Amino acid sequence: MNLLRLALPTLVVLLLLSSSVNAARRHDYGDALRKSILFFEGQRSGKLPPDQRLKWRRDSALRDGSTAGVDLTGGYYDAGDNVKFGFPMAFTTTMLSWSIIDFGKNMGGVEANNAVAAVRWATDYLLKATAVPGTVFVQVGDALSDHGCWERPEDMDTLRTVYKIDQNHPGSDVAGETAAALAAASIVFRSRDPLYSALLLSRAISVFEFADKHRGPYSSSLRKAVCPFYCDFNGYQDELLWGAAWLHKASRRREYREYIVKNEVVLHAGDTINEFGWDNKHAGINVLISKEVLMGKADYLKSFKNNADSFICSLLPGVSNSQVQYSPGGLIFKTGGSNMQHVTSLSFLLLAYSNYLSHANKVVPCGGKSATSTQLRLLAKRQVDYILGDNPLRMSYMVGYGPRYPMRIHHRGSSLPSITAHPALIQCKEGTRFYLSPNPNPNVLVGAVVGGPNRSDAFPDSRPFFQESEPTTYINAPLVGLLAYFWAHGA
């Protein structure tokens with residue numbers, strides 16, 4: 001067994017930290033999975049269905065799109081505010097779909113159905129947002145107006161401005177991610193609803209054609225609306241490759257395989273490979289495509305596997321080219337806000353690649369040594385266990401899971417009295433006293449995973465510290481797949 005000898009002592013220390021800081025307890029991954037999916041119901045916009053389980057939420061934003069003459073109701077609020085940002089919503093949809101594609105068989109019937117329903121709530125909206133040919137509606141709500149108020153989505157009276165991209169105002173990044181989301185979701189629905197699946201794939205093809213033909217970053221076209229909130233810092237090239245990769249996986253059309261091969265260098269497939277999130281798809285592209293290489297079906301794409309191997313090595317502690325920091329308690333830490341988005345997304349790729357390697361009976365070469373699929377899986381599990389409470393504070397960072405969890409999350413609907421408790425309108429500035437209150441949130445947003453502790457494992461549990469206390473849909477989406485796997489397999 002050729003272990004990663006140089007890194008192994010450091011890695012073992014990291015993986016065993018849970019026993020030293022928290023007397024490593026067994027986690028109920030099934031309960032965490034159920035709650036991680038339930039969270040998405042708390043983020044729903046539009047008219048809620050009869051089977052809505054988080055009852056403190058009510059209908060909201062029922063006129064979205066009306067100022068532009070279109071129906072843009074539905075979809076998700078991305079975080080603790082009331083804006084519908086299309087870029088992170090599409091990435092959330094892609095990752096929820098990938099979670100189901102790779103790990104849906106581990107979810108059990110009930111939670112698999114709930115996860116599929118979470119995808120459909122997003123794709124129904126994305127179909128509306130792409131219904132006009134040559135146009136993608138990419139945002140509903142003026143972020144500055146919204147962020148100036150602290151009010152329930154049910155009370156919203158802020159500007160619901162509609163923003164779009166078209167051939168004169170390109171946005172290949174958000175369009176490419178939307179195409180990826182629709183294509184990935186088409187795989188989810190292939191056996192469940194073939195007609196819906198076909199519609200999703202058809203729309204993904206047309207949206208990708210638009211993204212590729214009219215190239216440019218959406219933050220150049222819509223800078224005042226999307227920056228600094230979801231500004232594209234990384235360029236649109238990765239989203240074009242990402243969209244093509246998912247279209248190839250969904251359609252098996254040769255044209256997308258040829259597009260990937262032809263544009264690998266042009267679109268910088270190997271750049272910034274240790275990043276993965278709503279803005280940077282490089283590592284995800286390489287891991288996704290590597291599956292076919294490892295299965296022996298696409299040796300001509302071997303460079304993507306080489307990139308994926310380099311990415312994996314960059315995550316392992318103690319390796320010479322490691323590019324990721326770890327907190328003293330063992331949590332992946334990257335600079336910038338909402339660190340848990342990096343933790344869950346990178347851990348998802350670790351687990352997915354571990355599975356691909358295991359099935360192919362392969363290892364990852366790292367500077368003359370080798371990392372095994374087992375090591376990658378254990379590192380991913382260590383991150384999940386940290387989130388669920390194996391950390392220096394002995395706190396779960398998932399709301400509603402475990403005996404201790406964040407009580408004052410940065411989330412308007414959760415922190416303000418519900419319609420049932422307070423039927424009267426709570427206007428823009430009237431919510432400020434709830435925002436500043438030291439009291440716990442009255443409505444428990446079950447399953448929400450917050451931005452998490454700082455690099456020293458400290459966590460303030462305070463609404464104004466939004467980088468630590470705000471949940472997002474794109475933190476939870478990859479976590480769904482991770483929890484499904486560990487529910488079924490344990491260690």
Side-chain angles (χ1 to χ4, degrees), residues 27-29 31-45 48 52-57 60 75-85 88-89 91-92 95-96 99 111 114-115 117-118 121-122 150 152-153 278 331 337-345 347-348 383-384 386-389 391 393 395-416 418 434-435 439-453 459-483:
H27 287 291
D28 188 341
Y29 298 110
D31 182 51
L33 171 65
R34 180 182 67 81
K35 289 171 177 174
S36 71
I37 299 170
L38 179 59
F39 159 73
F40 289 95
E41 294 192 16
Q43 297 302 109
R44 284 172 169 172
S45 180
L48 302 183
Q52 169 79 12
R53 292 176 292 170
L54 285 182
K55 300 298 185 182
W56 53 266
R57 281 297 323 282
S60 63
Y76 290 114
Y77 305 117
D78 73 294
D81 54 20
N82 299 324
V83 181
K84 293 192 303 206
F85 293 99
M89 194 193 307
F91 178 69
T92 294
M95 292 310 298
L96 267 176
S99 287
E111 294 314 319
N114 287 333
W121 193 267
W150 194 261
R152 301 176 295 202
W278 60 264
L331 185 70
S338 189
N339 181 59
M340 283 301 186
Q341 66 178 305
H342 306 299
V343 176
T344 60
S345 292
S347 297
F348 180 94
Q383 302 306 303
V384 172
Y386 185 108
I387 292 171
L388 297 182
N391 55 63
L393 295 183
M395 168 181 275
S396 161
Y397 290 101
M398 175 184 286
V399 174
Y401 177 86
R404 185 185 180 203
Y405 52 81
M407 304 292 286
R408 301 162 190 84
I409 67 172
H410 182 98
H411 190 279
R412 288 158 174 76
S414 173
S415 68
L416 291 159
S418 68
F434 297 99
Y435 170 72
N439 296 328
N441 289 7
N443 307 307
V444 180
L445 184 57
V446 176
V449 178
V450 296
F459 179 72
D461 194 12
S462 174
R463 292 177 207 98
F465 289 83
F466 66 92
Q467 292 186 333
E468 291 86 5
S469 64
E470 187 171 22
T472 72
T473 58
Y474 46 88
I475 291 175
N476 272 58
L479 184 61
V480 168
L482 288 158
L483 290 169

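None of the values given here were measured: they were computed from a predicted structure. Note: hydrogens, waters and symmetry copies are ignored here, and every other heavy atom, side chains too, is used.
- Residues that satisfy the salt bridge (charged side-chain N to carboxylate O under 4.0 Å, His left out) test with Asp461, not counting sequence neighbours, are Arg408.
- Using a 4.5 Å cut-off on side-chain heavy atoms (C-beta onward), Leu393 and Pro453 make no contact.
- In this structure a side-chain-to-backbone donor-acceptor pair under 3.5 Å is present from Asn476 to Val449.
- In this structure, CZ on Phe348 lies 7.0 Å from CG on Leu482, to the nearest 0.5 angstrom.
- Taking every heavy atom of both residues into account, Phe39 and Pro471 meet most closely at CE1-CB, 4.2 Å.
- The minimum heavy-atom distance between Pro442 and Ser415, with the atom names listed, is CD-O, 3.3 Å.
- With hydrogens and angles ignored, the 3.5 Å screen pairs no side-chain donor or acceptor of Thr92 with any backbone N or O of Ala477.
- For the residue pair Gly413 and Pro153, the shortest heavy atom distance occurs at CA-CD, 4.2 Å.
- Of the possible donor and acceptor atoms, one in the side chain of Lys35 sits under 3.5 Å from a partner among the backbone N and O of Gly400.
- A donor-acceptor pair shorter than 3.5 Å cannot be found between the side chains of Tyr474 and Ser338.
- Tyr405 has its side chain within reach of Met407: a pair of non-hydrogen atoms, C-beta onward, lies under 4.5 Å apart.
- For Ser414, the side chain to side chain donor-acceptor pair (under 3.5 Å) partners are Asn441, not counting sequence neighbours.
- Here Met340 contributes atom CE and Gln383 contributes atom CD; the two are 8.5 Å apart, rounded to the nearest 0.5 Å.
- Side-chain atoms of Asn339 never come within 3.5 Å of backbone atoms of Val343 as a donor-acceptor pair (strictly under, hydrogens ignored).
- Looking at Arg412, its side chain does come within 3.5 Å of a backbone N or O of Gly80 through a donor-acceptor pair.
- From His342, atom NE2 reaches atom CG of Leu331 across 11.0 Å, with rounding to the nearest 0.5 Å.
- His27 is not listed as a side-chain neighbour of Val384, based on a closest heavy-atom distance of 4.5 Å or more.
- In this structure, His410 and Trp150 have side chains that are in contact, with non-hydrogen atoms separated by less than 4.5 Å.
- Rounded to the nearest 0.5 angstrom, Ser36 OG and Leu479 CG are separated by 5.5 Å.
- The backbone N or O of Ile475 lies less than 3.5 Å from a partner atom in the side chain of Thr344, making a donor-acceptor pair.
- Note that the CE atom of Met398 and the CG atom of Asp31 stand 8.5 Å from one another [nearest 0.5 Å].
- Other residues, nucleotides and ligands place more than 12 heavy atoms under 6.0 Å from the OH atom of Tyr435.
- Closest of all the heavy-atom pairs between Leu54 and Leu38 is CD1-O, 3.9 Å.
- A donor-acceptor contact under 3.5 angstrom links the side chains of Gln43 and His411, judged on distance only.
- When all heavy atoms of Leu388 and Ala32 are compared, the pair lying nearest together is CD2-CB, 4.0 Å.
- Between Phe459 and Asn391 the shortest side-chain heavy-atom distance does not fall below 4.5 Å.
- Side chains of Val399 and Val444 form a contact here, defined as non-hydrogen atoms less than 4.5 Å apart.
- Side-chain atoms of Ser99 do not come within 3.5 Å of backbone N or O of Val480 as any donor-acceptor pair.
- Side-chain contact annotation: Gln52 with Arg57, donor-acceptor N/O pair under 3.5 Å absent.
- Closest approach of Ser60 to Tyr77, counting heavy atoms only: OG-OH, 2.7 Å.
- A 4.5 Å side-chain heavy-atom check between Arg44 and Tyr76 finds at least one atom pair inside the cut-off.
- Side-chain polar atoms of Trp278 and Thr472 form no donor-acceptor pair below 3.5 angstrom.
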Does the pair Thr473 and Phe91 meet the rule for a side chain to side chain contact (heavy atoms under 4.5 Å, CB included), with working shown? CA-CA 9 Å; Thr473 58; Phe91 178 69; over 6 Å; no
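- Judged purely by atom type and a 3.5 angstrom limit, Arg152 uses its side chain to pair as donor or acceptor with the backbone of Ser418.
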